[in-house]
Structures are given as C-alpha cells and as structure tokens.
Student: 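Quick one: structure below, then a few questions.
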Amino acid sequence: MIKPVKSLKQRNLRDRVMESLLVFSTILVMAPLLIIIGYVVVQGASAINADFFIHELGSPARAMQGRPTGLVHSILGTAVVDFLALIIAIPVGLGAGVMLSEYPDHKLNPMLRIINDTLNGMPAILKGLLAFALIVKPMGTFSGLAGGVALAFVMIPIIARSTESALMSIPWTIREAGLAIGLPRWRVVLSTVMPAAKTGLVTGFLIAFARAAGEAAPLLFTSFGNNYLPNHWTGMIMGPVDTLPQRLYSLAISPYKEWHAMGWAAGIVLLAFVITLFITARMLTKEKKY
Amino acid sequence: MEVMTKIQSHPTKNNLFNKVRKAFSNENNPPNSHGNNNGPQKPMADNNGPGRIKTGMQSAGNREKNMEKAAKKEGKEVRMETKNLNIRYGTTVAVDNVSLPIYNHMVTALIGPSGCGKTTFLRALNRMHDLTRDAVISGEVLLDGKNIYDPRVNPVTIRRKIGMVFQKPTPFPTMSIYDNVVAGLKLVGIKNRKLLDEVCEKALKQAALFEEVKDRLKSPGGSLSGGQQQRLSIARALAIEPEVILMDEPTSSLDPKSTAKIEDLIVELRKNYSIIIVTHNLAQATRVSDYSIFMYLGQLIEYGKTHKLFNNPKDTRTENYISGKFG
Ligand SMILES: Nc1ncnc2c1ncn2[C@@H]1O[C@H](COP(=O)(O)OP(=O)(O)OP(=O)(O)O)[C@@H](O)[C@H]1O
Ligand SMILES: [Mg+2]
C-alpha cells in the first residue's frame with residue numbers, strides 16, 4: 001500500500017485549521033452588518049408600534065405632546081417614488097443592456113458603454129441635481145416624479161450592466177440556432193435569449209431596486225420631503241413627497257429626541273425592505289437556470 | 001424503418017410542404033392575385049407574394065440555364081455555387097479560394113481532417129458568419145444564381161431557404177418540445193394551430209423522435225437527452241421546410257440506432273431538398289452521399305461522385321485521408 005506523505009490525522013488537523021480560519025473571516029465580514037442591524041433595531045424598536053404605520057409625522061409638537069405620530073406617509077411615498085423609478089429604469093436599462101450584449105458591433109455601442117460607466121460612477125447627489133434641472137425646474141415644484149427620475153438614474157446603469165451580463169451568460173449557440181431557423185435578430189433576442197436569461201434579468205432589477213431604495217442624496221432636492229400625506233395620491237407624484245431614506249436623515253438631524261427614535265425606526269423599515277429584496281434576488285439566482 | 005415508410009406514404013406530405021412555404025410567403029408579402037402551380041389550390045394558395053413569384057421564376061430561369069449545362073454535366077442541376085470563397089479569422093485563413101457547385105436533390109458530403117475549414121465553409125453558405133466579428137469573407141455564394149452576400153439580400157430570407165443543423169444540440173432551453181419544433185414558424189407570427197400541430201408531428205417523425213416524445217410535447221426541450229436534443233434540433237430545422245439543409249456532423253452525439261434513422265432521413269430528404277453534410281464518419285459519407293468534397297488546410301482538394309472519390313481518389317492527400325493515414 002502506498003503511504004500518504006502526511007498521516008491522515010495530520011491532514012484532518014490541517015482541514016480543521018483552514019476551516020476555522022474561514023469561519024473566522026466570515027464572521028469578520030458579517031460583523032459590521034450584524035452590528036448595524038443590531039444597533040438600528042435596539043435604537044428604533046421603541047418607536048415601532050401600530051401608530052408608526054398608521055399616522056403621518058405632522059409637526060414636532062405632535063411627538064412632543066405624545067399625540068400619535070408615524071411615518072406612513074414616508075412608507076407610501078417610498079413605494080410611489082421607487083415604483084416610478086423602476087418603471088422608468090427597467091425599459092431604459094434593459095434596452096441599454098440588450099444593446100451592449102447583443103449588438104456589440106453597433107456604432108453607438110462604445111459610446112453607450114462609456115455613458116453607462118460614467119453614470120454608474122457618478123455620485124448619487126449629482127443624479128439628484130440632474131433630476132432637479134430636468135424636472136423640478138420646469139415643473140416649478142419638488143415632486144415624487146423628480147425623485148423617481150433621480151432614482152432611475154441610480155438604477156439604469158446597474159440594470160444595464162446586470163442585463164448585459166445576464167444575456168452574455170446565455171451561450172452564443174442559442175442565438176445562432178435562432179438565426180438558423182430564419183428568425184430576425186431582434187426576435188431571437190426577445191424570444192430565445194431573454195427568456196433563457198429571465199432569472200438573471202429579474203435579479204438585476206431587484207438589486208438595482210434595493211440599491212436605489214436606500215439612497216437619500218438624490219431625493220433631497222427632488223422629492224424633497226413632506227411631513228404630511230398629500231390629500232390625493234397624485235399629490236405624491238406631482239408634489240413634494242416623503243421617502244424613508246430622506247426622512248431618516250432629517251429625523252436624525254432634528255433637535256427633537258422623540259424624533260430620533262423614529263429615525264431609527266425608519267431605518268428598521270428600510271433595512272427590512274432592502275434585505276428582503278436582496279434575499280429574494282439571492283433566491284432567484286440560486287434557482288436552477290435550465 | 002417503419003417510421004420511414006410512414007413518411008414516404010404520408011398522404012399530406014406535399015400539402016404540408018407547400019402549406020408551410022406558403023404560410024411564410026403570406027406572412028411576408030401582401031397577397032396578390034397571381035396564382036402558383038404549387039400543390040392543391042386552397043384559397044390561401046393564391047396569396048403568393050411578389051417576392052415568392054420572383055424567386056420561383058428565378059429558379060425556373062436557372063433551371064433552364066442549368067438544364068443546358070446539365071446536358072454536358074450528366075443531368076445535374078446546380079443549386080448553389082461558391083466562387084472564389086475565402087474566409088479568414090484575423091490572419092488565419094480557414095477557407096482558401098474554394099469554388100464549387102452544389103447539386104440539387106443530391107447529398108454532398110464534406111470531409112477532411114479536423115480544423116480544415118469544413119464548419120467555416122458550411123456556415124458561409126447561409127450567412128452564419130454575419131455575427132462572427134472576426135470572420136472576413138470574400139468571394140461569392142450563389143443560390144439559384146443569386147449572390148446571397150449581395151447587400152440587398154436579407155439574410156433572414158436566405159436562412160429560411162437554407163436551414164442548418166449544428167454539431168452540438170441547441171434546443172431553446174425555456175421552450176417546450178413542441179414550441180422548439182415550431183419556433184421558426186410560430187415566432188414569425190404563424191398562428192394556425194392545426195398547421196403547427198401537423199408540422200410538429202411531421203418534423204418529429206422525420207427526425208425519428210416522435211415516438212419518444214409524443215406524450216410530453218409540453219415538457220421543456222432541455223429535459224431531453226443529448227441525442228434526443230440533437231434530433232429535436234433536426235426537427236426544428238426541418239419544420240421551416242428549407243430548400244437546402246446544411247448539417248454539421250449531425251450524428252456525432254447520437255447512438256448507432258438514432259444515427260441509422262438520421263441517415264435514412266437524409267436519404268429520404270434528398271427527394272425534396274439539397275443536403276450538405278459535414279462528417280468525420282467516412283462510412284457514413286459513403287452510405288448517404290452522392291457527391292463528396294475533400295478539404296485540406298482550407299483548400300478544396302478533390303470533389304466528385306462519392307463512390308469515385310472513395311474508390312478511386314485522384315489526389316494522394318485524399319487517398320491518405322480516406323485510408324486513415326492522417327486526420
Ligand atoms: N471563431 C474563430 N476564430 C478564430 N479562428 C477560428 C474560429 N473558428 C475556427 N477557426 C479556425 O479556423 C480553422 C477552421 O476551423 P473549422 O471549425 O472550420 O474546422 P473544421 O474542419 O470544422 O474542424 P472540425 O472537424 O474539428 O470541426 C481552424 O484552424 C480553426 O482554428
Ligand atoms: Mg467543425
């Protein structure tokens with residue numbers, strides 16, 4: 001019998017050491033996240049109650065006099081602004097991603113890539129400024145729409161990139177097979193490549209969504225913020241509207257102690273929302289592709 | 001064999017053949033009043049677009065022209081032709097100045113050692129290189145006397161007439177078996193369910209797959225075994241009723257039984273189609289082909305009747321190859 005150089009015992013020991021090192025570094029990576037989550041929850045838990053989800057914020061006096069107050073207007077506002085951003089960003093980002101992946105020879109392709117990379121690296125606050133110039137100025141008012149456009153600028157380059165890589169992961173032979181049965185190129189992309197890449201595409205949308213949902217900077221001078229729920233839902237699109245990240249910021253810098261706890265509570269809701277999105281994205285990626 | 005006889009005596013065979021081609025022409029071209037002598041005259045048979053008529057006349061014109069040649073050339077009709085075809089990838093020359101005719105209703109085998117340019121040559125015949133960025137093509141490829149690389153020619157029309165089966169099976173992963181087979185019709189807007197059903201069944205029978213999948217046409221194409229997927233790819237290519245079929249080692253992933261069925265199919269298809277098949281299996285070339293092309297290092301070395309090329313090679317390189325000395 002051939003004897004291994006190292007005894008079985010020695011090798012087992014090495015395995016153990018390696019494993020514990022890996023576990024240790026995993027903990028190291030996870031620690032900041034866990035600390036943030038823990039801290040936010042501890043600080044904000046006291047402000048989370050039924051009122052929080054039913055009432056609007058109102059003036060500082062409300063909180064100080066112990067009258068019911070909450071962030072329902074921020075939660076609804078976030079939903080509206082993020083949804084607007086998504087319906088703007090998905091078609092644009094998807095189109096750009098398809099262009100990058102499926103038409104590498106197109107004259108506009110190199111320019112598109114540069115624009116997309118620039119947009120991706122651009123500070124979020126500048127995206128807010130851009131939306132301010134494009135929407136707020138002409139409309140003459142801060143609005144949910146402007147916020148949606150600003151967040152769309154955050155989402156578009158992420159969606160474009162994730163779309164590109166999702167489509168590139170589909171073997172080239174699928175496209176050739178489509179062409180070989182006499183399908184036009186766009187039809188091949190639409191009916192054979194994109195369905196095959198569906199999970200990857202949706203995952204990209206979710207990640208872009210989660211990224212944008214946590215952004216406060218682009219919203220400060222676009223959707224601006226609002227202590228009250230507009231009378232009509234269209235007011236959330238056409239007028240200033242509250243969102244969780246921006247509300248978190250303004251509560252945190254406010255001088256009222258009562259509001260600080262609410263700020264942390266806004267953080268809990270935001271975290272829960274973003275984590276849910278990421279976990280969903282993760283589960284989708286894990287799903288068997290084909 | 002049972003399947004084959006069934007196909008041979010398939011009563012609707014010619015109807016279906018014409019129906020599919022007509023469905024395409026209806027979809028592509030506005031109806032006009034010109035009739036066409038193809039098959040039984042259903043109401044829709046009159047709706048032949050001008051494009052269709054033109055190609056019809058074109059090939060009729062060619063037929064005449066070629067008939068003259070045929071007198072000299074043992075009655076063979078030229079369907080496709082390459083003229084000084086050169087293809088290179090960057091600086092690698094993969095096909096070197098190949099000029100040859102492809103005869104109608106014949107099976108032409110393309111043989112040669114690995115890397116000699118067979119796949120590259122074959123793909124040039126239906127403009128499959130259009131998407132390969134570094135492939136540079138010069139020369140001409142004629143179908144019925146017309147250059148398919150003419151800028152005015154739409155590659156989509158060319159690929160509908162010149163179908164292709166790839167070396168590796170390529171089912172559309174998210175589509176059902178049924179949808180895979182009829183993809184070439186359904187995805188261009190042909191919705192006639194009855195026609196699609198007929199086409200699907202016929203194509204699957206031709207590809208010797210029907211019996212194995214008839215009870216699960218709705219399950220995904222990716223759920224089939226490798227060999228079944230390859231036959232699915234063949235069925236999909238046949239479903240659009242091309243006129244010329246290019247096959248790149250279609251049986252390399254098949255077991256002997258399916259291989260035999262595909263070979264039978266090729267011999268059978270010869271009646272309606274022109275077939276070019278790349279194969280490393282020389283016995284297969286002798287079994288199914290009428291003509292054989294031997295390529296070496298991108299060049300056309302020898303081209304002739306299969307039995308002549310195999311029994312009586314003129315070039316020593318051909319002789320070496322078929323006697324197994326290299327490749
Ligand atoms: N996409 C490509 N880019 C660069 N070179 C290529 C490409 N495809 C093929 N080649 C080269 O072109 C030559 C011919 O290749 P081709 O695939 O046509 O050979 P083949 O005769 O089909 O071989 P096989 O029998 O192994 O399939 C080879 O030298 C190959 O390396
Ligand atoms: Mg090859």
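Here is the naming used below: chain letters follow the sequence lines, and residue numbers restart at 1 for every chain. Computed over heavy atoms, backbone and side chain alike; hydrogens, waters and symmetry mates excluded. Computed from a prediction, not measured in an experiment: that's the story for all the values here.
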Student: Listed by residue number, which members of residues 99-122 of chain A have a heavy atom under 4.5 Å from any heavy atom of chain B?
Tutor: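 Expected list: A:Pro104, A:Asp105.
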Student: Would you check if A:Leu183 and B:Val188 make a side-chain contact, meaning some heavy-atom pair closer than 4.5 Å?
Tutor: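 A:Leu183 reaches B:Val188 side chain to side chain.
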Student: Does a sphere of radius 6.0 Å around CZ in A:Arg14 hold more than 12 heavy atoms from other residues, nucleotides or ligands, not counting ones at 6.0 Å or beyond?
Tutor: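 Atom CZ in A:Arg14 is not packed in, count stays at 12 or less.
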Student: Looking at every heavy atom in both A:Ile174 and B:Pro173, which two are closest together, and how far apart are they?
Tutor: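 Nearest heavy atoms, A:Ile174 then B:Pro173: CD1-CD, 3.5 Å.
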Student: What donor-acceptor contacts under 3.5 angstrom involve side-chain atoms of residues 163-172 of chain B, with partners at least two apart or in another chain?
Tutor:
{"unit_1": "B:Gln167", "atom_1": "NE2", "unit_2": "B:Glu249", "atom_2": "OE1", "d": "3.3"}
{"unit_1": "B:Gln167", "atom_1": "NE2", "unit_2": "B:Glu249", "atom_2": "OE2", "d": "3.3"}
{"unit_1": "B:Thr170", "atom_1": "OG1", "unit_2": "B:Arg236", "atom_2": "NH2", "d": "3.1"}

Student: Does atom NZ of B:Lys218 have more than 12 heavy-atom neighbours, drawn from other residues, nucleotides or ligands, at distances under 6.0 Å?
Tutor: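 Atom NZ in B:Lys218 is crowded, with more than 12 foreign heavy atoms closer than 6.0 Å.
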Student: Considering heavy atoms only, which positions within residues 74-86 of chain A lie below 4.5 Å of chain B?
Tutor: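 Counting heavy atoms that sit under 4.5 Å from chain B, no residue of residues 74-86 of chain A is involved.
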Student: Could you name the residues of residues 187-195 of chain A that have a heavy atom within less than 4.5 Å of a heavy atom in chain B?
Tutor: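 Those residues of residues 187-195 of chain A which have a heavy atom under 4.5 Å from chain B are A:Arg187, A:Ser191, A:Thr192, A:Pro195.
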Student: Minimum heavy-atom separation for B:Leu131 and A:Arg185, please, with both atom names.
Tutor: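 Heavy atoms only, the tightest pair is CD2-CZ, 3.2 Å.
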Student: Determine whether more than 12 heavy atoms belonging to other residues, nucleotides or ligands lie under 6.0 Å from atom CH2 of A:Trp233.
Tutor: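 Open.
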Student: Let me confirm one number: the CD1-CG distance from A:Ile181 to B:Leu238, rounded to the nearest 0.5 Å.
Tutor: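 So the CD1 of A:Ile181 and the CG of B:Leu238 are separated by 12.0 Å.
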Student: Determine the minimum heavy-atom distance between B:Met128 and A:Glu176, stating which atoms define it.
Tutor: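 Looking at all heavy atoms of both residues, the closest pair is CE-O, 2.9 Å.
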Student: Is B:Arg127 close to chain A through its backbone or its side chain, or both, or neither, when contacts mean heavy atoms under 4.5 Å?
Tutor: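 Neither part.
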Student: If I take atom CG from residue B:Asn126 and atom CG from residue A:Leu179, how far apart are they, to the nearest 0.5 angstrom?
Tutor: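 It is 9.0 Å, given to the nearest 0.5 Å.
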